[in-house]
There are 2 protein chains.
Amino acid sequence: MTSARTITRNSGVAIWRQIADQIRSDISSGKLATGARIPPEIELATRFAVNRHTIRSAIAALTKEGVLRAEQGRGTFIANSKKLTYRLGERTRFSQTLSTQVRETRGILLAHRLEEAPSGVAEALAMQSGQVVRIDTLHTADGSPVSCATAWFDAARVPNVAEDYSSSGSITFALKAAGIDDYLRKSTIIAARHAEAEELRHLRLSPGAIVLVATAINVDTMGHPIQYSKTRFAADRMEIAIDNESAG
Amino acid sequence: MTSARTITRNSGVAIWRQIADQIRSDISSGKLATGARIPPEIELATRFAVNRHTIRSAIAALTKEGVLRAEQGRGTFIANSKKLTYRLGERTRFSQTLSTQVRETRGILLAHRLEEAPSGVAEALAMQSGQVVRIDTLHTADGSPVSCATAWFDAARVPNVAEDYSSSGSITFALKAAGIDDYLRKSTIIAARHAEAEELRHLRLSPGAIVLVATAINVDTMGHPIQYSKTRFAADRMEIAIDNESAG
DNA sequence: TCAAATTTGTTCGTATGTATC
DNA sequence: GGATACATACGAACAAATTTG
């Protein structure tokens with residue numbers, strides 16, 4: 001347990017939630033390991049200079065989230081811990097980048113529809129006009145939701161992408177079915193924000209939780225854009241790594 | 001103004017803050033442009049299904065942050081807007097990547113000290129043993145703080161890095177002074193979390209705010225690590241872009 | 001110039017949540 | 001657990017500034 005950082009009163013964020021966020025952050029950043037015992041409530045109360053009831057509220061929230069596990073007479077323990085790393089590269093594939101870290105990954109189709117390309121999407125896909133297929137997906141690692149995404153494709157080029165994704169849980173497979181055997185990551189923009197209500201539900205997060213938003217464009221081997229997507233990662237479970245191989 | 005997303009009651013995060021966060025997010029994601037007028041309080045109150053006072057609390061918080069500006073009888077307007085983009089590449093340099101987006105950037109030395117390499121740092125710098133120079137810096141763009149960083153260097157190799165940074169506000173300059181004319185970004189890991197108290201102060205953020213954390217290793221032209229750093233970007237002001245040039 | 005409509009600013013009161021002791 | 005203080009959220013007004021007709 002690291003030292004208690006200052007808490008801010010009257011900020012619109014209850015003290016118990018600020019403390020819960022700090023403890024969760026210490027756990028997911030690796031300062032606290034799985035199975036470790038956190039200090040007793042009285043000690044935490046002293047350290048954060050708050051009442052013990054306030055600490056109990058924080059622990060109760062984290063227990064409900066599944067981050068902590070309290071045992072009467074023994075102490076409070078860390079239930080879960082380490083972050084998964086999503087390695088970004090030209091040939092980034094979701095299941096592949098996680099394959100060494102988890103036993104199993106899965107992709108679930110949440111929704112799909114044909115729509116007029118929203119502003120920004122047509123430009124990103126270098127389309128003159130026309131319709132796009134939009135798919136909303138959820139990705140799990142060992143059964144836990146780790147990210148959800150919205151992706152747009154040129155409807156003329158990959159009309160059955162939703163169906164093919166649904167049956168396989170894989171973008172790579174769905175594109176192969178449309179005759180696109182290979183694709184490359186052209187650009188990625190990474191931002192972070194608070195999770196919205198739908199993301200909270202899908203990723204099983206609590207209000208105030210953070211998502212990393214990766215906005216990406218994938219191109220075929222001719223350099224033509226085929227996929228524009230926004231993936232939201234649960235920031236307490238995932239981090240993104242960028243390796244510059246030539247500088248190794 | 002996009003549609004109101006759900007707010008969650010009794011979550012430990014005040015409703016006025018959740019609404020303020022949503023409005024701020026809409027602004028910085030570009031859904032709302034500088035100078036634009038946001039809907040009147042009554043309309044927002046209806047849309048979010050809350051009392052007008054609650055909307056006023058949210059607006060007051062954003063006004064204090066400098067994001068909004070209210071004028072009696074006229075309306076409430078967006079004061080500030082666009083996000084800065086930090087382009088990550090092998091030769092990433094802070095001032096250079098922002099030079100096309102802002103008039104002026106500055107680096108300020110907050111603190112420095114000689115210390116035994118903490119766990120993780122010695123490995124990252126490929127040092128057998130010994131001391132490291134740690135510097136804590138703050139970076140501003142056009143006067144606004146956008147990021148703060150902690151960086152470690154092998155004390156044997158760049159003993160005066162703190163002094164040289166202090167006088168120039170530039171890592172590139174400080175390394176040149178130690179005879180390192182060029183360096184490359186080897187790896188970057190990006191995560192996101194809530195800002196800690198010190199970061200809130202330095203970056204002038206409010207509790208619950210988000211920081212993007214970039215953990216980086218820079219190497220010299222021989223591939224030997226010279227700098228290990230953790231940079232925290234205010235997520236509502238900055239995003240990170242990764243371009244894969246060969247896939248363009 | 002005046003009047004109406006719109007929009008932000010202010011002041012009551014009341015109920016509930018948060019935090020302390 | 002109970003008592004107390006303060007923050008949060010709601011509701012109903014009214015006041016002040018601005019825009020529109």
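Because the structure is a prediction, the values reported are computed rather than measured. Each chain gets a letter, A, B and so on, in the order its sequence line appears, and its residues count up from 1.
OP1 or OP2 of D:dA9 has not a single side-chain nitrogen or oxygen of B:Asn51 nearer than 4.0 Å. In this model, the phosphate group of C:dT8 is approached by a side-chain N or O of B:Thr76 to a distance below 4.0 Å at OP1 or OP2. Remark: A:Arg9 is in phosphate contact with C:dT20, judged by side-chain N or O atoms under 4.0 Å from OP1 or OP2.
Side-chain contact check for B:Asp243 and A:Ser187: no donor-acceptor pair (N or O, by modelled atom type) lies under 3.5 Å. A:Arg106 and A:Ser95 share no donor-acceptor pair across their side chains, judged by distance under 3.5 Å alone.
Spacing between atom CZ of B:Arg52 and atom C1' of D:dA13 amounts to 11 Å, rounded to whole angstrom units. The CZ-C1' distance, from B:Phe77 to C:dT8, rounds to 11 Å in whole Å. For the pair A:Ile55 CD1 and C:dA19 P, the computed distance is 11 Å after rounding to whole Å. Between B:Ile15 atom CD1 and D:dT8 atom P there is a gap of 11 Å when expressed in whole angstrom units. If you measure from atom CZ of B:Phe48 to atom C1' of D:dC10, you get 17 Å, rounded to the nearest angstrom. Counting to the nearest Å, the P atom of D:dT8 and the CZ atom of A:Arg17 are 15 Å from each other. We find that CD of B:Glu71 is positioned 10 Å from C1' of C:dT8, with the value rounded to whole Å. As a whole-Å value, the separation of B:Arg69 CZ from C:dT8 P is 13 Å.
Among B:Arg204, B:Arg193, B:His194, the one residue that satisfies the side-chain hydrogen bond (donor to acceptor under 3.5 Å, both in side chains) test with B:Glu199 is B:Arg193.
Comparing C:dT20, D:dT8, C:dT8 by their closest approach to the side chain of B:Pro40 singles out C:dT8. For B:Thr54, whose side chain is taken as the heavy atoms from C-beta onward, the closest listed nucleotide among D:dA9, C:dT8, C:dT20 is D:dA9. The B:Arg74 side chain lies nearest to D:dT19 when the options are C:dA19, D:dT19, C:dG9. Nearest nucleotide to the A:Val50 side chain, out of C:dT20, C:dG9, D:dA7: C:dT20.
Note on B:Arg37: only backbone sugar-phosphate atoms sit closer than 4.0 angstrom, heavy atoms only; bases stay farther off. Residue B:Arg56 is in base contact, counting any heavy-atom pair closer than 4.0 Å across all strands shown.
Ion pair B:Asp26/B:Arg24 not flagged as a salt bridge, since none of the NZ, NE, NH1 or NH2 atoms sits closer than 4.0 Å to an Asp/Glu carboxylate oxygen.
The residue among A:His53 and A:Val13 whose nearest nucleotide of DNA chain D is located toward the 5' end is A:His53.
The nearest pair of heavy atoms linking A:Arg17 to B:Val13 is CD-CG2, 3.2 Å.
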